[in-house]
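A short worksheet on the structure shown next.
Every chain is numbered from 1 and lettered A, B, ... according to where its sequence line falls, protein lines coming before strand lines. Since the model is a prediction, treat every value here as computed from it, not as a measurement.
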Amino acid sequence: MKKKYPFLEGAIPIEFISEIIQSHTHDNNIGGHSIFLGQVRADIIEEKEVEGIEFTSYQEMAIEKLIQIRKEIFTKYDLLCMHVHHSLGLVKKGGVCLFVFTSSKHRKPAILACDELVERIKKELPIWGKEIFSDSSYQWKENKQ
Amino acid sequence: MKKKYPFLEGAIPIEFISEIIQSHTHDNNIGGHSIFLGQVRADIIEEKEVEGIEFTSYQEMAIEKLIQIRKEIFTKYDLLCMHVHHSLGLVKKGGVCLFVFTSSKHRKPAILACDELVERIKKELPIWGKEIFSDSSYQWKENKQ
Amino acid sequence: MNIKIFGKLTDIFLNEKYQLNKKVSTVLDLKETLENYFPDLKSLNYLIIINNQNAKESDPIPEEAEIALLPPYSGG
Amino acid sequence: MNIKIFGKLTDIFLNEKYQLNKKVSTVLDLKETLENYFPDLKSLNYLIIINNQNAKESDPIPEEAEIALLPPYSGG
């Protein structure tokens with residue numbers, strides 16, 4: 001399936017993240033950026049190591065939901081910019097699978113909006129992770145509250 | 001004066017930030033990074049535009065204080081990594097002058113620690129900004145609470 | 001009626017979609033029918049989504065609705 | 001006695017250090033002496049730091065102490 005914003009195939013490259021940061025240094029009204037990166041852990045579960053997580057999503061619904069979240073966050077906080085990216089497909093251990101970026105004139109709106117976005121993305125976007133072990137067996141990821 | 005950690009001369013390069021991010025993708029225990037970037041705004045004050053901020057610090061005291069803050073943050077939160085960098089000298093508008101980076105197994109400690117660090121750095125580290133205008137006049141920066 | 005299946009529910013349906021050939025009028029009706037065919041569903045938490053919206057058991061199922069079964073989310 | 005001067009206080013002392021040639025025994029004594037020489041100081045908020053620690057007015061000033069005057073911080 002074709003991936004649309006906010007989805008990217010595989011791990012989110014660090015160069016992609018630094019390009020987004022770089023491109024916002026041209027906006028002279030911005031005083032602070034807050035960034036969250038979710039990274040795939042090599043958890044050991046019953047003596048087997050997680051090699052990577054394969055992400056799937058109900059994309060149409062996720063996109064619609066993210067548009068709504070975006071609107072609500074911009075209404076609630078005095079933000080200048082907001083970017084969200086999430087991986088689909090396989091992300092190997094150590095790879096970045098979630099990238100949230102907010103910018104504001106003073107620091108607090110960016111920080112509060114970023115924190116709230118991370119919680120809402122985990123809770124409200126229909127995305128699932130399948131933890132793949134080194135022996136090719138798997139288990140479905142469950143998020144902590 | 002020689003600059004020691006956490007101080008860097010001038011704006012913090014985006015490449016420096018992305019290298020720090022990149023180097024932490026090798027730690028397979030990390031599940032989340034939280035990052036804050038402070039950026040110099042081109043504020044207009046009485047019709048004059050801020051061209052840059054010149055930062056000075058009482059370095060010995062700032063370093064001692066940051067060591068204490070670091071210890072307290074590691075005691076309070078279940079963190080895996082913490083990095084703080086602050087500019088000294090002139091940072092032109094759009095330049096990054098503060099970089100805070102925290103990593104943890106699950107997202108919450110990294111997010112809470114980063115938020116608290118930004119507040120404590122602004123409040124407790126003896127650093128001063130001098131806002132330089134395009135006509136070379138200046139005013140001393142005052143932080144919002 | 002085509003139903004989209006996601007996450008760990010694909011282990012029960014052994015597919016990412018399921019074609020239901022019985023007519024059902026409400027969400028409760030759909031739920032009972034599916035749990036009758038796939039008893040393992042009963043022990044799982046899942047949402048029934050109609051046209052991108054979370055559906056209540058009493059909701060009717062419109063003609064040509066897009067239906068999906070979603071287990072708890074685990075993105076990020 | 002050498003005193004380090006920071007931030008906007010350098011606009012009053014016109015330097016980043018100040019050599020005080022009068023003997024002072026406590027922080028209060030130091031404060032009153034400086035505010036007598038530099039009356040503009042009275043209208044400003046500042047901390048007196050002795051050996052990297054915030055000092056109270058009643059604190060004595062040790063021999064060879066490192067003394068600094070700090071206006072409110074504005075880093076970040």
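- Residue Y138(B) touches chain D through its side chain alone, counting heavy-atom pairs closer than 4.5 Å.
- By the neighbour-count criterion of 12 heavy atoms within 6.0 Å, atom CD of Q68(B) is densely surrounded, having more than that number from other residues, nucleotides or ligands.
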- Item | Residues E66(D), Y58(B); criterion side-chain hydrogen bond (donor to acceptor under 3.5 Å, both in side chains); working and verdict | CA-CA 12 Å; E66(D) 182 163 303; Y58(B) 185 8; 2.7 Å; yes
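- Only the side chain of Q53(D) comes within contact range of chain B, with heavy atoms under 4.5 Å apart.
- Both the backbone and the side chain of I127(B) come within contact range of chain D, each with at least one heavy atom under 4.5 Å from a heavy atom of that chain.
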- Task: Evaluate the criterion side-chain contact (heavy atoms from CB on, under 4.5 Å) for residue pair T10(D) and W140(B); output intermediate values, then yes/no.
- Result: CA-CA 11 Å; T10(D) 58; W140(B) 290 93; 3.7 Å; yes
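- Atom NZ of K92(B) has 12 or fewer heavy atoms from other residues, nucleotides or ligands within 6.0 Å.
- Among the candidates Q139(B), E124(B), E142(B), the residue making the largest number of heavy-atom pairs closer than 4.5 Å to chain D is E124(B).
- Between the side chain of N52(D) and the backbone N or O of E64(B), no donor-acceptor pair lies under 3.5 Å.
- Between W128(B) and F6(D), the angle of the ring planes stays under 30°, which puts this pair in the parallel group of the 30/60° scheme.
- Counting heavy atoms from C-beta outward, M61(B) and L70(D) have side chains that approach closer than 4.5 Å.
- Counting non-hydrogen atoms of other residues, nucleotides and ligands closer than 6.0 Å to CG of D135(B) gives a total above 12.
- Within 6.0 Å of atom CD in E64(D), 12 or fewer heavy atoms from other residues, nucleotides or ligands are found, so the atom counts as exposed in its surroundings.
- Sparse packing is recorded around CG of D78(B), with 12 or fewer heavy atoms of other residues, nucleotides or ligands lying under 6.0 Å away.
- Using a 4.5 Å cut-off between heavy atoms, I49(D) contacts chain B through its side chain alone, with no backbone atom that close.
- For the atom pair CG (N54(D)) and NZ (K65(B)), the distance works out to 9.0 Å, reported to the nearest 0.5 Å.
- With a 4.5 Å cut-off on non-hydrogen atoms, L125(B) touches chain D through its backbone but not through its side chain.
- In this structure a side-chain-to-backbone donor-acceptor pair under 3.5 Å is present from H86(B) to G76(D).
- In this structure, S74(D) contributes its side chain and K141(B) its backbone to a donor-acceptor pair below 3.5 Å.
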